[in-house]
Structures are given as structure tokens and as C-alpha cells.
Amino acid sequence: MKLLLTGGCGFIGSAVVRHLMRETDHTIINVDKLTYAASQEALEEARNHRRHLLIEADITDGAAIREVLATHQPDAVMHLAAESHVDRSIDGPADFIQTNVVGTFILLEEARQYHAQLPPARRAAFRFHHISTDEVFGALGPDDAPFDETTRYDPRSPYSASKAASDHLVRAWFHTYGLPTIVSNTANNYGPWQFPEKLIPLVTLNALEGKHLPVYGDGSNCRDWIFVEDHAAALVRVLEQGEPGGTYTIGARQPRSNLQVVQSICAELDRRLPDPLGPRERLIRFVTDRPGHDFRYEINPSRTEAFLAWTAPHDFDQGLARTVDWYLDNRDWWQAVRARRYAGQRLGTAA
């Protein structure tokens, strides 16, 4: 297939690109706005690969998207482009509405017009895969059953509300216009190449440098975690095998409290690079909770696992060990990112 992939220089998008390069023969048209969180380095061998083309464009630019579709004639769309940092959405929600809601609307409209003019066989095979988050489902209590494909929507932050809106648009374009769309919702991703504002890289780098590790509240807020390479592989399977109009929850059954995640990172670093001043857990500082902080997310991926005949290969400890090793081995990348993109700024709270 020839795939139009939006946000392919982002954290999850670049993992999908790498997976496609290594495990398939698909060609990728990578449309990315190249915002602060984009990394062309994360494309690795795809940067100069004949099956990968990077186009700098904004998904809110209908004319640009129309030209890409007309010129490259993709067989499917994988839509990953999104603003995704909750703290940033609280401080400045407008960018999230523009990219996640308006951008998805424009992409859907251009895809609808493109799909309508395809020959019958290609029109029947076409897919629009929208990648979303478990945060659209709201918060779980300690004893609530995990989210699945039937969970009602209850977003709590500007970020999750914008993603919920985009999910609804995608389903509406399937039911109203017959655009063959698929939605997948996933848990927190982690792994190589993640931008340093996110929890695991932020804590890893702060702990490595002996800085305080600020944790919201008492650290009991719980998240489900999936290694990004596992998620990328599942996304490609959903695209290739998913049913139009279908929803797929993708998870790895690896819930951890924020405090457990931070403690695990400290332990991984202590094993590799003991700190003469003592275990790095001493650096943890509990700080005032953020507004609307959801208590718990957890996904039940049973239906998706059965449908795809797939389960996530990495457990959390394996994935975290690989992730910590990657950041230790790639200091030049993250030091340059922080120097370039955080000049004069303060990094956010860890968890």
C-alpha cells in the first residue's frame, strides 16, 4: 500500500514509520507540521529511504492536503497528527482545538472528496485510520472495570475533549458519508525518541542530572502503559485488518501509579549509574495536583487482541529498561532538544 501518514515525525508517528520501513513493503507519505515536538532524527533509516517521503504541511491547510492526496494517490490514511500534552492544553487550549478538531475535520473532508473519485476497487479497499487516546473515556475509580470499546465518553481536560471531538467526527463521516474509517484508542505510550516534556523521559533526565522529581499529589494517579514499538505494530495491524466503522482499544495490561513509574526509573538508573549521594528516590518531591487530574486510566484490550491475534510483547519492566538504556545512549539528541526547544523555559511537572 501507499499510506498517507500524518504526524509521522512525532513520537508515536515516527515509531509507526520505523515499523513500516522494517516490517512491510508499504510506501509512506509523511505529512508533518514539524512543530516543537517533531523529530526528523526519530525517522532513523526512513529519512533517506526511497519508500518514505516527508512533506512539511499543516493538516488544517485543506489546499495542501488536497494536493498531497491528488499527487500521491494513497491507498489509506493513518491520522496521528495531534497536540497531545495535557499540561499545555490547560495553559493554552486553542492550539488543541485547532489541530485536533479543526485539523481532523479538514482531513476528513479532503479524504471524503478523494475517496469518492477513486475507482471502485480502490474505493472499497481505502481506509482512514484515526489514532486516539484512552483519555477520551474520562477517569476510572480504584475498582472500576477498565475501558473497552463500549465505554462512554467523558473527557476531562481540553486535550481529551479535543480528541473526543475528533473521534466523534471520524465516526460521523463513516455513518453519514460512508468514508471507511477506523478508530483506535490506546494507553500511555513510552519508549525511545519521546519528547523530554513527557513523564518517563522527563523523570529519567532529571534523575540522571540530580534534579528534583516533582510528582503531582501523592503519586497515586494510575496510568496504563504500552511500549511505543508494540503500539506501532498494533496500529499497522488495525489498518490492514480492521473493519470500517470499527473501534479498537490497544493496550498492554501494564497499569502503574505515577509514583511507581518514578520509583522504577530511579531504580533502573541506580542499577546502571549509582549516584554517590544515594538512591535517586531521594529526589522525589510531591507538589500540588494539576486541575482536573484524572485518577486512573486502564484499557481492556481483549477484543483487539482476539481480533488481531496479537498481544503486546513487552511488559513494563522490559520496556522501561530499554527506554532508560536508549536515553543513556542518546544524550546528544536530548541535550540538543532541550537546549534548542526549552531555551528560557521551565520544564513541567513530572507526573
Query - W334 side-chain N/O to L205 backbone N/O, donor-acceptor pair under 3.5 Å - result: no
Report summary line: Nearest heavy-atom approach of L69 to A111 is CD1-N, 4.0 Å
**Report entry** CA sep, side-chain torsions, deciding dist, call: H72, T27, side chain to side chain contact (heavy atoms under 4.5 Å, CB included)
**Finding:** CA-CA 10 Å; H72 297 285; T27 297; over 6 Å; no
Query raised in the report: Does E110 pair with R112 as a salt bridge, N-O distance under 4.0 Å?
Result: no
Query - Nearest non-hydrogen partners of F286 and D218, listed with the distance - result: CE2-O, 3.5 Å
Query raised in the report: Are the ring centres of Y190 and F316 closer than 6.0 Å?
Result: yes
Query - Derivation and outcome, salt bridge (charged side-chain N to carboxylate O under 4.0 Å, His left out), residues D275 and R282 - result: CA-CA 11 Å; D275 187 337; R282 75 184 192 281; 3.0 Å; yes
Query raised in the report: Do H231 and I250 have side chains that get closer than 4.5 Å, going by heavy atoms?
Result: yes
Report task. Could you go through the side chain to side chain contact (heavy atoms under 4.5 Å, CB included) check for L108 and L179 one step at a time? Result -> CA-CA 8 Å; L108 284 166; L179 185 68; 3.8 Å; yes
Query raised in the report: Do we get R303 above Y248's six-membered ring, with its NZ or CZ under 6.0 Å from the centre and within 45° of the axis?
Result: yes
Query raised in the report: Is any side-chain heavy atom of H115 less than 4.5 Å from a side-chain heavy atom of R123?
Result: yes
Query raised in the report: Does NZ or CZ of R152 lie under 6.0 Å from the centre of the six-membered ring of F147, at an angle within 45° of the ring axis?
Result: no
**Report entry** W326 and W333 aromatic centres sub-6.0 Å
**Finding:** yes
Query raised in the report: Using a distance-only test with no angle check, is there a side-chain donor-acceptor pair under 3.5 angstrom linking Y297 and D294?
Result: yes
Query raised in the report: Has the side chain of E67 got a donor or acceptor atom that lies under 3.5 Å from a matching backbone atom of A64?
Result: no
Query raised in the report: At their closest point, which heavy atom of K198 faces which heavy atom of S84, and how far apart are they?
Result: NZ-O, 3.1 Å
Report task. Quick one: sort the W173 and F105 rings into parallel, tilted or perpendicular, breaks at 30° and 60°. Result -> perpendicular
Query raised in the report: Can you check side chain to side chain contact (heavy atoms under 4.5 Å, CB included) on R66 and E109, steps first, answer last?
Result: CA-CA 9 Å; R66 193 175 314 128; E109 275 293 88; over 6 Å; no
Query raised in the report: So, R253 and E305, do they make that salt bridge, N to O below 4.0 Å?
Result: yes
Query raised in the report: Can we say R127 and D75 salt-bridge, meaning some charged N sits less than 4.0 Å from an Asp/Glu carboxylate O?
Result: no
Query raised in the report: Does the separation of the ring centres of Y153 and H168 fall below 6.0 angstrom?
Result: yes
Query raised in the report: With a 4.5 Å limit on heavy-atom distance, are the side chains of L283 and K211 in contact?
Result: no
Requested in this report: Flag the pair V136 / T133 as yes when at least one side-chain heavy-atom distance between them is below 4.5 Å, and no otherwise.
Outcome: yes
Query raised in the report: With distance as the sole criterion, is a donor-acceptor pair present between the side chains of N30 and H52 under 3.5 Å?
Result: yes
Query raised in the report: Which heavy atom of L235 sits nearest a heavy atom of S184, and at what distance?
Result: CD2-OG, 3.4 Å
Query raised in the report: Do NZ/NE/NH1/NH2 and the carboxylate oxygens of E268 and R271 come within less than 4.0 Å?
Result: yes
Report task. Indicate yes or no: does R47 engage E41 in a salt bridge with an N to O separation below 4.0 Å. Result -> no
Report task. With E149 as reference, evaluate T249, N185, T247 under the side chain to side chain donor-acceptor pair (under 3.5 Å) test and give the passing residue. Result -> T249
Report task. Run the salt-bridge test on E209 and R338 with the 4.0 Å N-O cut-off and return the result as yes or no. Result -> yes
**Report entry** E45 and R22 ion-paired at < 4.0 Å
**Finding:** yes
Query - Sub-4.5 Å side-chain heavy-atom contact between I59 and I106 - result: no
Requested in this report: Let me know which of D32, I12, V17 forms a side chain to side chain contact (heavy atoms under 4.5 Å, CB included) with L80.
Outcome: I12
Query raised in the report: Between H130 and T181, do the side chains contain an N or O donor and an N or O acceptor separated by less than 3.5 Å?
Result: no
Report task. Give the C-alpha distance, both sets of side-chain angles, the deciding distance and a yes or no for side chain to side chain contact (heavy atoms under 4.5 Å, CB included) between Q98 and T60. Result -> CA-CA 8 Å; Q98 186 68 16; T60 65; 4.0 Å; yes
